[in-house]
Structures are given as C-alpha cells and as structure tokens.
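Below is one structure, written out as structure tokens, with a few remarks after it.
Here is how names work: the chains are called A, B, and so on, in the same order as the sequence lines, proteins then strands, and each is numbered from 1. Since the structure is predicted, the reported quantities are computational estimates derived from the model, not experimental observations.
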Amino acid sequence: MAERSGRLTDGGIDLEDDVQQLASFASPLTEQERVRREKLTTLRELGIEPYAGKFERTHRAEDIHAQYDHVEAMDLEAQNIHVRIAGRLMSKRRQGKAGFMHLQDMSGRIQVYVRQDTVGEKAYEVYKLADLGDMIGVAGTIFKTKTGETTILAHAFVLLTKSLKPLPEKFHGLKDVELRYRKRYLDLIMNPEVLETFLTRSEILRAIRAYLDGAGYIEVETPTLQSIPGGAAARPFITYHHALDMEMYLRIAIELYLKRLIVGGIEKVYEIGRVYRNEGVSTKHNPEFTMLELYAAYTDFHDMMDLTEQMIVHLARKIKGTLTITYQGDVIDLTPPWRRVHMVDLIKEITGVDFWPEMSLDEARALARAHGVEITETMSIGHIINEFFEQKVEATLLHPTFVYGHPVEISPLAKKNVDDPRFTDRFELFIVGREHANAFSELSDPIDQRERFYAQLKERALGNEEAHRMDEDFLEALEIGMPPTGGLGIGIDRLVMLLVDAPSIRDVLLFPHMRQHPQS
RNA sequence: GAGCCAUUAGCUCAGUGGUAGAGCACCUGACUUUUAAUCAGGGUGUCGCAGGUUCGAGUCCUGCAUGGCUCACCA
C-alpha cells in the first residue's frame, strides 16, 4: 500500500526523524574532501563520467618490468610496444604541459608519462584534475626515461574511479595500528608487505589442501551452527534460531562431526574452517579463528605425529625454502625428527618433580605449593600435572617438540594409554612456546566416552563453564562403531604467524576483531 | 577482567602552565624526462570525550572511550 504521507516508514513506524538524526551525525567534509567533490562536478561538466565501466588491460605493472626492464631504450622505441594498464594513482609530478605519475596495481607500480601534445587537451585536463588515490586506466607505449626507469608514454588517459578521500601520507604510509586493522583496505594500499602476508597465507592454505588431497583425504564442510557445541573446552557464542524457536551455538571445534563421518565410512577426512570461542582477545587470540582438523581411520596418534611433522616440514620448505626459520628474533630449527617426549618426563626434566609414582591428591597439591604452581580447589591430580606443564614447561619449548601423554581428566575425547590409564594417547606440538597442534588416538569406546562426558558434567556443575557437554547423538554414532582413528587439529592462524614471522594474530587476519568504535 | 603506555591537521609527528606547529597531502601560480620533483605564496584544528585545579590547560588531576603491550582465559 502506498504511503500517502510521503514519509519514510517501516512496518508503520515513522523513520523520518531517525534518518534526519543520523544525517546530522555525519561529520562535516574536510577541505580536501570538498575539493575532490568539486572536481567530480567539474569532470561531469567536461562530459567525463568519474565512475567508468570496464577497462581492458594487457599487462600488470610487474609484467612490464619483467619483460622490458632489461631492454635497451633504443630497442624499446624501435619496437613501439603498445600496452594498456590500470591502477591506483600513487604519486604525481606535474610540470606544466606534461607530468609523471605512478600507478599501482596488485603486482606493483609502474611509471606513466603524460604529455598534453600526446593525450590531447581534454585528457590532459582530466590528468590535471586527478588526485592521489584515483583509479586510472592508461594506453600507451613503453620507453625509458633519462634515469633509465621503464615508463609508459600515455596515448590515452582514462579516469576509472574518482577517489573522494585523501590517502595516507606517501612516504611514511599508514602507521596507526588501529586504523590499519579497522581500515585494512588503506593498509593494503599503503603497505606492500601486508599484501605479501596475505598472499602467503593463501599459499599456505593451498599447500595444505594439496598435501592432504594428495594423501587421499576428503575435504568436507560440517555445521558451524550447532545445538550442542563440543569437541573442545571453551565457552561458545550463543545465538537464536527464530523459526525453530531454539538457542543455537557457533561451533567451538569441528571434531565431533568429522568423527561421525569416520563412523559413516569416510576413512580419511578433513575440514578447514572457522571456529568461534567466546574468550578474550589478545595478540594470540581472536574470537573466530581457522582450524584444520583431520581424521584417519585405522591410524593412531603416532601416525598423527608423523603426518604433522611431514606436513609442516613440507610447508616450510615450500613457503620459506628452508627448515631454519626466524620467528621474532628466535632461530627455529624445523629439521626432523622432532623431539617426542612424555609430559611427565618433561616436567621432571624441567622442574625435577616426578609424577610417575602413584600419589595422593594432597601430595600433588603439596608439590604444586612447593613449586609455586597455582591450582584451584577442584583440580584433580591430572589437572595439577597439566598446570605444572603449562606454568613451568610450555614457554621453554622453542624448537618443535611433541609432548604426549596428557592426563585423562583434561582429555575427554582421547583414548587412555593401555599401560597407564592415568594418561591418554594424546600429543600437542609446541613451537616458540606455543601450541601448534593437538592430536590423539580418538576414543572409540562408547561406554568410556559416556563416562568421560559424565566427568565433564561434574566439572561443569563445579563451575567450569568450559567443560564438555553431553552429546547423545555423538555417543549413538560411537555405539554404531568407529574404527580406531587418529585425529589432528592445527590452528592455521598460528601456523601462518610462524611462517610469516608475524608478532600478532591480527597481522594474519584481514579483519581482526575490534571493539565497535564509538563513532560507528 | 587487571596493570602500564598512547590519543594534537587527511597522514606521519613535534609541542615540559602563557597567541596551535612542522613535513607530506591540499589550494593559487610557474615549469614538456620527473621520481620523497623543484620554485613562490596559502594553515585547512572539537589538541579522543566529560568534569576539575588555575588569572590562564594540548600540557596538571579525576572519570570515561578507543587502541597498543604485558598478565589472566584459551588455540
């Protein structure tokens, strides 16, 4: 039905005042923004559309450098090479009736020489009106300047997109860390090493997929919206499904669905995807991050160690070209074989405390007190051993180290060790003092799994919000029967940080989580 | 969640209680091989926000916001 009043409404609610109020919040234009908008009008008066359609390119900047940088100036002119190139205007040096500029595309920068007597008076007017940041298309021939720079002499100069805001300063670039993360497009335009980082991230992901595909693994996609979040110890994000009238959770791990697929007969399976954990933000944590999880039937955690080692070595060779890498000043040797050590042995090595002999909870607590390891009232011996490891050992593991044999209490989804059921057939890989992988021989006994879930429910009742929940559907899958299975999880963001030497996880995420800015 | 530090022009940054500054960018003019182009002229600002102290606050104090680092939680 037509709105007779002409006022803006939504479902009968008058929005006019809201819109006016929002408009009044818009910040006034700066001088530079006003000038650029005036140029927009001037261009249209000249019959130039400042937001053009497509522009066909023959080359990227890097292509031209690669093909012609080594060609002599005389030969270049003799060959009369015509090219078409497009990019963002990054510098402009005008001298009366001619001028130079640099255009930047994804591959790099190329210089363009614009002469009024070559492009014509009207196109030269457009060149004069061009601002840093505008998108420009150029057709022309290649030559070398007096100083030997490969340059395009423009025969045609086309404005493709008028930029209405000034770019950051050309020499210092964009430094403000907050702006770099919030306005990543500016960061990408101004800081070439940022593009490099994300191209490498993309290359790492391609290499992982190629590696696993080559090893016979099937890539799948499982739900990120779940009614029971499981597979890890973490607080989930809660959301709501209106049509079904139910609370749902964003997944905290991929694990339980992939194991259902192992039950279903997909014997080697992996997923690379986003998981979400409702926790603090730091240089090593983002609320959403990318996990690789894979499962292989008829294997165990030893096979997963081999796979982890081989895959990361393969990636380092492919990405870095060496197994000696530098992370934030530390030189890391990735040459295999990597050390494999039991958690209890490692604690003994570093602190002198031996958890192998059976002991009472009081004895374990006394050891923690004596060594300054902080524990809580509800912790069992297994938890205390884990605290020893995390507080005393973890940070010392600079070079790649597989630490195995985690206490059963902190490993509700891993098989118990047959010789010592206090511990599990589980390992974590540590490099530069950080966990880079977590894997185990998957618990396949449905009765044991149910008991582990019960133990987790008890922890939950004692206030551990991150304890695992009961998942009856998953238990039913185990009751159908899951083959012996090795499983592995790798945090992709941290792996990328390691391989590109990034100090913060925000440097390997295009749009890291930021608090909502008060202005927006 | 706690501690420390930061927030000044579009960007990068000076400004240690007394008139708001520089470089780049921008505006006007000159310049047909420049390249952090050059030359002559022009300052474009809610000093993050709100209070307080003071004759006087960008500067000192308090609170708040955002960010960075460290710690906590985790991967």
Ion pair present between A:Asp131 and A:Lys162, side-chain N to carboxylate O less than 4.0 angstrom?
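A:Lys162 and A:Asp131: salt-bridged.
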Nearest whole angstrom, please: distance from the [atom2] of [N] to the [atom1] of [X].
X        : N     : atom1 : atom2 : answer
A:Phe237 : B:A75 : CZ    : C1'   : 14 Å
A:Leu29  : B:C26 : CG    : C1'   : 14 Å
A:Asp134 : B:A25 : CG    : C1'   : 14 Å
A:Tyr113 : B:U33 : OH    : P     : 5 Å
A:Lys165 : B:C26 : NZ    : P     : 16 Å
A:Gln116 : B:U33 : CD    : P     : 14 Å
A:Leu292 : B:A75 : CG    : P     : 16 Å
A:Phe100 : B:A36 : CZ    : P     : 13 Å

Using a heavy-atom cut-off of under 4.0 Å over every strand shown, decide if [X] touches base, sugar-phosphate, or nothing.
X        : value
A:Lys92  : nothing
A:Asn464 : nothing
A:His102 : base
A:Tyr181 : sugar-phosphate

Residue [X], side-chain heavy atoms: nucleotide from [options] that is nearest:
X        : options             : value
A:Thr283 : B:U34, B:C69, B:A75 : B:C69
A:Arg115 : B:U32, B:U66, B:A75 : B:U32
A:Lys170 : B:A75, B:U32, B:C24 : B:C24

Would you measure the distance from the [atom1] atom in [N] across to the matching atom in [M] and give it in whole Å?
N     : M     : atom1 : value
B:G23 : B:G18 : P     : 23 Å
B:G63 : B:A9  : C1'   : 28 Å
B:A6  : B:A75 : P     : 35 Å
B:U44 : B:C24 : C1'   : 14 Å
B:U32 : B:A37 : C1'   : 14 Å
B:A72 : B:C47 : P     : 40 Å
B:G51 : B:G10 : C1'   : 30 Å
B:U19 : B:G43 : C1'   : 15 Å

Write out the stems for RNA chain B, ordered by first number and formatted as range with range, counting runs of at least 3 consecutive Watson-Crick or G-U wobble pairs under 3.5 Å.
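Stems (3+ consecutive pairs) listed as B:1-7 with B:65-71, B:10-13 with B:21-24, B:26-30 with B:38-42, B:48-52 with B:60-64.
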Could you work out, with side-chain hydrogen bond (donor to acceptor under 3.5 Å, both in side chains) as the rule, every residue matching [X], not counting sequence neighbours?
X        : answer
A:Lys415 : A:Ser444
A:Gln104 : A:Arg109
A:Asn191 : A:Asp187
A:Asn286 : none

With a 4.0 Å limit, can you tell me whether [X] has a side-chain N or O closer than that to the phosphate oxygens OP1/OP2 of [N]?
X        : N     : answer
A:Lys97  : B:C31 : no
A:Arg93  : B:A37 : yes
A:Arg506 : B:C69 : yes
A:Arg182 : B:G67 : yes

Qualifying side chain to side chain donor-acceptor pair (under 3.5 Å) pairs, either residue in residues 396-413 of chain A, two or more places apart:
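Applying side chain to side chain donor-acceptor pair (under 3.5 Å) to every pair that reaches into residues 396-413 of chain A, excluding sequence neighbours, yields A:Ser380-A:Glu409, A:His406-A:Glu428, A:Ser411-A:Arg426.
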So for A:Arg515 and B:U66, does any side-chain atom that can act as donor or acceptor lie under 3.5 Å from a complementary atom in the base?
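Between B:U66 and A:Arg515, which were checked side chain against base, a qualifying N/O pair under 3.5 Å is absent.
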Considering heavy-atom distances to RNA chain B, does A:Lys146 or A:Ala233 have its closest nucleotide positioned more toward the 5' end?
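Counting from the 5' end, the first nearest nucleotide belongs to A:Lys146.
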Select from A:Gly491 and A:Arg94 the residue whose nearest nucleotide in RNA chain B is closer to the 5' end of that strand.
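Its nucleotide being nearer the 5' end, the pick is A:Arg94.
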Is the aromatic ring centre of A:Phe289 closer than 5.5 Å to the centre of the six-membered base ring of B:A75, with the two planes inclined by less than 30°?
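Here the ring of A:Phe289 and the base of B:A75 are stacked, with centres under 5.5 Å and planes under 30°.
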Using the test side-chain contact (heavy atoms from CB on, under 4.5 Å), find all partners of A:Ser107 that sit at least two apart in sequence or belong to another chain.
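A:Ser107 satisfies side-chain contact (heavy atoms from CB on, under 4.5 Å) with A:Arg60, A:Ala61, A:Glu62, A:Asp105 once adjacent residues are dropped.
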Residues two or more places apart in sequence or in another chain: which of them pass side-chain contact (heavy atoms from CB on, under 4.5 Å) with A:Arg274?
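Here the qualifying residues are A:Tyr276, A:Glu288, A:Thr290.
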Should we say atom CD of A:Glu193 is surrounded by more than 12 heavy atoms from elsewhere, each under 6.0 Å from it?
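Result for CD/A:Glu193: enclosed.
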Between the protein and nucleotides 9-12 of chain B, list every N/O to N/O distance that falls short of 3.5 Å.
residue, atom, partner, partner atom, Å
B:C11, O2', A:Glu169, N, 3.0
B:C11, O2', A:Gly173, O, 3.2
B:U12, OP1, A:Lys175, N, 3.0
B:U12, OP1, A:Asp176, N, 2.7

Is a side-chain N or O of A:Lys165 found less than 3.5 angstrom from the main chain of A:Gly133, in a donor-acceptor match?
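Answer holds: no.
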Once the angle between the rings of A:Tyr217 and A:Tyr270 is folded into 0 to 90°, is it parallel (under 30°), tilted (30 to 60°) or perpendicular (over 60°)?
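It falls in the perpendicular class, over 60°.
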Where does the angle between the aromatic ring planes of A:Tyr127 and A:Phe157 fall among parallel (under 30°), tilted (30 to 60°) and perpendicular (over 60°)?
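Answer is perpendicular, since the angle exceeds 60°.
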Between the protein and nucleotides 71-73 of chain B, which nitrogen or oxygen pairs are less than 3.5 angstrom apart?
residue, atom, partner, partner atom, Å
B:C73, O2', A:Glu466, OE2, 3.1

Could you name each residue pair satisfying salt bridge (Lys or Arg N to Asp or Glu O under 4.0 Å) that touches residues 397-406 of chain A, not counting sequence neighbours?
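Listed by first then second residue: nothing to list.
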Just to verify, what does A:Arg494 make a salt bridge (charged side-chain N to carboxylate O under 4.0 Å, His left out) with, not counting sequence neighbours?
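A:Arg494 satisfies salt bridge (charged side-chain N to carboxylate O under 4.0 Å, His left out) with no residue once adjacent residues are dropped.
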